[in-house]
Every structure is written in C-alpha cells, then in structure tokens.
Amino acid sequence: MPKQFKPFLEGLAVGCVFISITMLFQIPLYMSFIIGGLAAIGGYRNSIKMDQEKAAKKAQNQPKDTE
C-alpha cells in the first residue's frame, strides 16, 4: 500500500466505525454522518501525526556517524 494512502484509509475506517456506533444509538442519519466525518478528519490527522512521530523517533535512534 502506498504510504500516501495510509492516512486516508485510517481516517475512512475511523469514520465508518463512528457512523456505525452512532447508528446503534438511533441518532438521526445526518448527525451520524456529521460525527463520522469529524471522526474521519481526526483519524486522518492522527495518522499523519503518528507517522511523523514514528519517523522522528527512528531518526533519533539512528547511530550518528562522526569521524
């Protein structure tokens, strides 16, 4: 899976889960879509943030070549 699609897929998955959960509580459909959309945006942003932190941690743990 290309790296640029990962945040989109994670955001979509989070949004679908939240829509499903809100539908269980019999919240009106348009409100479920609003909540799911906001959750998808949050999942997308969180995925990008986690990838950046992971890359920074990996770069920090790399041994420095000083000669």
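Every heavy atom of this structure was used, including side-chain atoms; hydrogens, water molecules and symmetry mates were not.
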Under 3.5 Å, which donor-acceptor pairs link side chains of residues 9-24 to any protein atom two or more places apart or in another chain?
| residue | atom | partner | partner atom | Å |
| --- | --- | --- | --- | --- |
| Glu10 | OE1 | Ser47 | OG | 3.0 |
| Ser20 | OG | Cys16 | O | 2.9 |
| Thr22 | OG1 | Phe18 | O | 3.0 |
| Thr22 | OG1 | Ile19 | O | 2.9 |
| Thr22 | OG1 | Ser32 | OG | 3.0 |

Q.
Is it the case that atom CD in Gln26 sees more than 12 heavy atoms from other parts of the structure closer than 6.0 Å?
A. no
Q. Can you hop from Tyr30 to Leu38 via hydrophobic side chains spaced under 4.5 Å?
A. yes
Q.
Could you work out, with ring-ring contact (aromatic ring centres under 6.0 Å, His included) as the rule, every residue matching Phe33, not counting sequence neighbours?
A. none
Q. So, do Lys58 and Lys54 sit near enough that their side-chain heavy atoms are less than 4.5 Å apart?
A. no
(Q) I'd like to know whether Lys49 forms a side-chain contact (heavy atoms from CB on, under 4.5 Å) with Glu53, so could you lay out the CA-CA distance, the side-chain angles of the two residues, the decisive distance to 0.1 Å, and finally the verdict. (A) CA-CA 6 Å; Lys49 180 181 164 188; Glu53 289 176 359; 3.4 Å; yes
Q | In one Ile/Leu/Val/Met/Phe/Trp/Tyr side-chain cluster, 4.5 Å: Ile27, Ile34 | A | yes
Q) Does anything in residues 20-46 pair up under salt bridge (Lys or Arg N to Asp or Glu O under 4.0 Å), and if so which pairs, sequence neighbours excluded? A) none
